Amino acid sequence: MTAFFQDYLGLPYEGAWLLSTIVGILVIALPLMLAVAMIIYADRKIWAAMALRRGPNVVGPFGLLQSFADGLKVFLQETIIPSAANKGLFLIAPIITFTVALMAWAVVPFGAGVVLSDINVGLLYILAISSLGVYGVVIAGWASNSKYPFFSAMRASAQMISYEVSIGFILICVVLWAGSFNLSTIVESQKGYYGFLNGNGFNPLLFPMAVMFLISSMAETARAPFDLTEAESELVAGYQTEYSSMAFALYWLGEYANVILMCALNAILFWGGYLPPVDWAPLYLVPGILWLFAKILFFFFVFSWVKATVPRYRYDQLMRLGWKVFLPVSLFFVFLVSGFLMLTRYGVAS
């Protein structure tokens, strides 16, 4: 794209690079915002269907404009800041959460070579960016100067940090197998399992990691059954209790952008990303971005399915699962995968 702007607009390299980067960011960010609006609608429809209800069906055809109506409503509301709150931190917290949720998409490959920033440490970048999300939550709870939002913020930070540990070990297994932190390389390394399947999930050594990563991603994004940060019976409404108007909407958008990101990571790391599920030449005629979107939608359906059917965990159960089950099992699989690769791929040192 940089070369296109240089040739047709006559811009110097620096200006063409800047313009192409801005265009690339907008091409990702604007459809993502639209996707968040539609995915909220899909979420509500799935819950309704599982509870034998209709769900949104009034605003627009089939209720498709319900999310936009909700967005307009919060946009027109007054932003109320509690008198005892720290005003600066209170306002910056939702901005941090929303911004961090968008930043991670910079390294997500939508197809072969279709990525905003194809850096060698893409997976490390995502891990670093996702860990920054906890700051928006903690600052919101503290700046509200209210007891229950603060309890929720502490609970949320402990939960996110706990599951990031096991996610880190799970990602080490994927990196060892692919031999790279680059997400495009990780996707390409998943070709041809058993001669015809694409995806690390078909690898017996990595399939348990795929299941654990799916569950950990639900806990990391505070989705049911791990939505302890918004447990209405104990915490009123969680760390965003004191928020209203667009500040509340930014948390809502950031949460769903993170959910879509985790669905994308499940697809990219374990189920072939933009590759078709079967390594068959005619399937490669379908654009890779459509395969990726199909997998993201499947995993989002799983997220919604779990939220509609599984009861909420107690907090001690949540912590036990993270520290006493996922952490030792993922650490064991790091040794298992590295040992297997030393014996088969790299040979035993004599």
Side-chain angles (χ1 to χ4, degrees), residues 107-109 112 120-128 130-131 162-221 226 261-280 283-284 288 291-292 294-296 298-299 302-303 306 320-350:
V107 296
V108 172
N120 289 331
V121 289
L123 199 53
L124 278 180
Y125 170 84
I126 284 185
L127 199 58
S130 63
S131 65
S162 299
Y163 280 85
E164 277 170 11
V165 177
S166 55
I167 283 176
F169 284 122
I170 292 167
L171 296 184
I172 287 173
C173 296
V174 176
V175 168
L176 285 171
W177 197 270
S180 174
F181 282 99
N182 181 278
L183 289 176
S184 299
T185 307
I186 290 172
V187 170
E188 294 295 334
S189 72
Q190 298 178 51
K191 278 186 178 178
Y193 276 101
Y194 313 112
F196 69 99
L197 293 173
N198 294 329
N200 284 330
F202 299 110
N203 183 335
L205 280 176
L206 295 180
F207 177 74
M209 296 295 96
V211 175
M212 284 174 55
F213 186 80
L214 177 62
I215 298 171
S216 296
S217 59
M218 291 179 188
E220 180 71 12
T221 52
F226 307 109
L261 175 67
M262 281 300 179
C263 293
L265 287 180
N266 273 284
I268 288 166
L269 297 175
F270 293 101
W271 302 102
Y274 53 79
L275 299 175
V278 178
D279 194 17
W280 184 42
L283 293 180
Y284 287 93
W291 288 118
L292 180 62
K295 293 171 185 178
I296 289 173
F298 169 76
F299 281 110
V302 172
F303 270 59
V306 168
R320 185 176 72 232
L321 182 67
W323 288 105
K324 292 187 176 181
V325 179
F326 281 8
L327 179 59
V329 170
S330 58
L331 189 56
F332 171 73
F333 268 86
V334 170
F335 287 105
L336 198 64
V337 170
S338 57
F340 177 81
L341 290 174
M342 286 299 294
L343 289 172
T344 58
R345 185 182 297 179
Y346 302 109
V348 181
S350 56

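Just so we're clear, the structure is a prediction, and the values are computed from it rather than from any experiment.
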Counting C-beta onward and ignoring hydrogens, is there a side-chain heavy-atom pair between [X] and [Y] closer than 4.5 Å?
X    : Y    : result
L261 : V108 : yes
F303 : F298 : no
M218 : F213 : no
L197 : P277 : no
Y193 : N198 : no

Working to the nearest 0.5 angstrom, can you tell me the gap between [X] [atom1] and [Y] [atom2]?
X    : Y    : atom1 : atom2 : value
L176 : M342 : CG    : CE    : 11.0 Å
L183 : L265 : CG    : CG    : 7.0 Å
I170 : F270 : CD1   : CZ    : 6.5 Å
I167 : I215 : CD1   : CD1   : 11.5 Å
F299 : L214 : CZ    : CG    : 6.0 Å
F333 : F326 : CZ    : CZ    : 12.0 Å

Judged by atom type as modelled, is there a donor-acceptor pair below 3.5 Å linking the side chain of [X] to the main-chain atoms of [Y]?
X    : Y    : result
W291 : L283 : yes
K295 : A264 : no
Q190 : I268 : yes
Y194 : F202 : yes
N182 : G122 : no

Which heavy atom in [X] sits nearest to a heavy atom in [Y], and how many Å separate them?
X    : Y    : result
A267 : L292 : CB-CD1, 4.1 Å
M209 : L205 : CG-O, 4.2 Å
P208 : P204 : CD-O, 3.2 Å
S216 : S166 : OG-OG, 3.8 Å
G272 : V187 : O-CG1, 3.3 Å
C173 : V337 : O-CG1, 4.0 Å

Do S162 and W323 have side-chain N/O donor and acceptor atoms under 3.5 Å apart?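 Checked: S162/W323 side chains pair up, N/O donor to acceptor below 3.5 Å.
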Exercise: do Y284 and D279 side chains pair donor with acceptor under 3.5 Å: yes
Aromatic plane relationship, F226 with Y163 - under 30° parallel, 30 to 60° tilted, over 60° perpendicular: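 Because their plane-to-plane angle lies in the 30° to 60° range, the rings of Y163 and F226 count as tilted.
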Option passing side chain to side chain contact (heavy atoms under 4.5 Å, CB included) with F181 (candidates L127, I126, I186, L123):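 The residue from L127, I126, I186, L123 that satisfies side chain to side chain contact (heavy atoms under 4.5 Å, CB included) with F181 turns out to be L123.
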